[in-house]
Protein chains: 2
Amino acid sequence: MPQRGRPRGFDADEALERALEVFWRQGYEGASMSDLTAAMGINKPSLYAAFGSKEELFRKAVARYAEQDMEYARRAFAQPTAYEVVATLLRENVLAVTRPDRPAGCLSIQGGTACSSDNAAVAGFLATSRLAGELALADRFTRAVAEGDLPADADPAALARFVMSVTEGQAIHAAAGVAREALRQTAEIALAGFAAVSGARSPEQVARSV
Amino acid sequence: MPQRGRPRGFDADEALERALEVFWRQGYEGASMSDLTAAMGINKPSLYAAFGSKEELFRKAVARYAEQDMEYARRAFAQPTAYEVVATLLRENVLAVTRPDRPAGCLSIQGGTACSSDNAAVAGFLATSRLAGELALADRFTRAVAEGDLPADADPAALARFVMSVTEGQAIHAAAGVAREALRQTAEIALAGFAAVSGARSPEQVARSV
DNA sequence: CCTATTCTGTACCGAGCGGTATGCATCTGA
DNA sequence: TCAGATGCATACCGCTCGGTACAGAATAGG
């Protein structure tokens with residue numbers, strides 16, 4: 001029995017999208033309910049009926065962000081070798097944090113790294129999500145060791161931590177207004193450094209060595 | 001004519017130190033005046049008389065932080081070669097963001113990367129300070145090129161951006177609770193990567209090549 | 001001792017916070 | 001056509017925010 005009573009007068013997906021951008025630009029605590037409802041084009045009771053509370057709205061925004069703005073991470077993990085995984089991750093990250101049609105930086109950092117004690121859960125939630133991504137990258141590197149495109153003595157967790165540290169630093173830079181082209185240079189340095197330290201070889205190097 | 005009227009009943013330096021830690025742990029917007037006065041052990045009128053406003057208090061806290069908690073950066077810049085500059089910077093940064101007697105992470109990030117539009121100046125101020133540090137590092141690398149311990153074709157600005165991105169990522173990790181030992185591994189990877197990409201040589205390499 | 005000066009504690013300010021009660025509008029199903 | 005259900009808009013809730021007025025307390029200089 002779907003659709004009883006008066007139908008809602010707004011698109012919940014579009015409203016969530018607007019909320020996502022407000023959180024991204026102003027952080028969880030910096031985004032007031034007035035800011036949110038104004039951007040979403042709805043009133044507070046509609047927001048609460050549709051999304052539950054400010055914190056639930058935020059978590060849904062983060063989920064949406066992970067799905068659509070971090071899609072490149074899944075694409076990166078699907079690359080055939082560790083080198084290409086990292087290359088894709090670093091290069092796509094640069095694009096993602098400097099999209100002209102989106103706020104600068106990355107929601108999972110801009111959302112809030114430090115919060116009032118009342119909202120400590122929010123900062124913790126974001127930190128946990130980021131570390132989950134890092135764990136997934138470490139797992140991918142473990143597979144790369146098994147498949148031989150990383151040396152047997154490579155440390156997957158440490159390498160993943162290095163790569164994620166760089167992407168986080170890049171996100172901070174982007175939020176500070178650093179240009180895409182500048183971040184691209186940094187990504188190439190990090191990628192070359194990763195290859196040199198880990199022993200991962202680029203497709204070109206592999207081709208040449210055959 | 002010093003000391004007219006009733007003398008103040010608290011140590012302004014100690015009070016600023018307490019405020020610094022609150023801002024560090026909770027961020028600018030997450031730190032309420034009540035949180036601050038409670039930690040500082042004074043009442044609001046005393047705070048306003050001594051520090052002006054919440055924002056001025058924050059800026060003074062950041063200045064104090066730069067002076068005492070970022071002292072290692074000046075020590076790093078004074079190292080004789082680019083390699084040692086970076087080695088000191090990365091290793092000391094790991095210690096600084098994981099001091100057991102201090103909040104985790106780095107005030108210039110925890111203070112706030114995103115703010116409500118009212119407080120946009122605060123996030124901008126922090127971003128500017130961080131980029132100023134990066135510029136100083138780039139200058140140090142330029143000197144290193146002139147002195148020959150970086151190759152002539154090295155890009156000082158890009159290398160500085162890479163190093164700062166890593167330290168910022170490490171600070172984010174530390175704030176998320178990642179252990180000092182784990183960050184130390186990351187720093188060594190970044191250092192080795194920096195050396196490999198930039199052509200900077202460690203003192204040991206230099207000694208061996210003579 | 002008195003006055004001028006400065007600091008301290010209390011009590012308060014208007015504004016905005018996150019969240020909600022209520023009454024009306026709009027839909028479906030019978 | 002009307003009952004039940006749902007969404008919408010307004011107006012409001014208690015609370016906390018950053019900031020301050022004011023009166024009393026403590027000092028120095030005279």
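Letters A, B, ... mirror the listed sequences (proteins, then strands); counts begin at 1.
Across all strands shown, B:Ala31 has heavy atoms under 4.0 Å from sugar-phosphate atoms exclusively, and none from any base.
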Letter per nucleotide, 5' to 3', of nucleotides 7-13 of chain D [B base touched, S only sugar-phosphate touched, - untouched; heavy atoms, 4.0 Å]: BSBB---

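Rounded to an integer number of Å, the gap from NZ of A:Lys54 to P of D:dC15 is 19 Å. One atom, OH of B:Tyr48, and another, C1' of D:dC17, lie 9 Å apart when rounded to the nearest Å. Distance, B:Leu47 CG to D:dT20 P: 12 Å, rounded to whole Å. In this structure, CD of B:Glu56 is placed 13 Å from C1' of D:dG19, rounded to the nearest angstrom.
Annotation: side chain to side chain contact (heavy atoms under 4.5 Å, CB included) contacts of A:Met70 (sequence neighbours excluded): A:Tyr65, A:Tyr72. In terms of the ring pair (Phe, Tyr, Trp, His ring centres under 6.0 Å) criterion, A:Tyr83 has no residue partners (sequence neighbours excluded). With sequence neighbours excluded, no residue forms a ring pair (Phe, Tyr, Trp, His ring centres under 6.0 Å) with A:Phe162. By the side chain to side chain contact (heavy atoms under 4.5 Å, CB included) test, B:Gln79 is found to be paired with B:Glu84, B:Val85, B:Thr88, residues two or more places apart in sequence or in another chain being considered. A:Asp101 is linked by a side chain to side chain contact (heavy atoms under 4.5 Å, CB included) to A:Arg99, counting only residues two or more places apart in sequence or in another chain. A search for ring pair (Phe, Tyr, Trp, His ring centres under 6.0 Å) contacts involving B:Phe125 returns nothing, not counting sequence neighbours. Shown here are the salt bridge (charged side-chain N to carboxylate O under 4.0 Å, His left out) partners of B:Glu67, two or more places apart in sequence or in another chain: there are none.
The stretch residues 120-129 of chain A does not touch DNA chain C, since none of its heavy atoms comes less than 4.0 Å from the strand. Less than 4.0 Å separates DNA chain C from at least one heavy atom of each of the following residues of residues 32-40 of chain A: A:Ser32, A:Met33, A:Ser34.
When only modelled atom types and interatomic distance are considered, B:Thr142 and B:Asp139 share no side-chain donor-acceptor pair under 3.5 Å.
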Pairs under 3.5 angstrom only: tabulate donor-acceptor contacts from the side chains of residues 169-179 of chain A to other protein residues two or more places apart or in another chain.
| residue | atom | partner | partner atom | Å |
| --- | --- | --- | --- | --- |
| A:Gln170 | NE2 | A:Leu183 | O | 3.0 |
| A:His173 | ND1 | A:Gly169 | O | 3.0 |
| A:His173 | ND1 | B:Glu168 | OE1 | 2.9 |
| A:His173 | NE2 | B:Glu134 | OE1 | 2.4 |

When the side chains of residues 55-63 of chain B are checked against the rest of the protein, which donor-acceptor pairs come out under 3.5 Å, sequence neighbours left out?
| residue | atom | partner | partner atom | Å |
| --- | --- | --- | --- | --- |
| B:Glu55 | OE2 | B:Arg59 | NH1 | 2.3 |

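With respect to the salt-bridge test (charged N to carboxylate O, under 4.0 angstrom), the residues A:Arg18 and A:Glu21 do not qualify.
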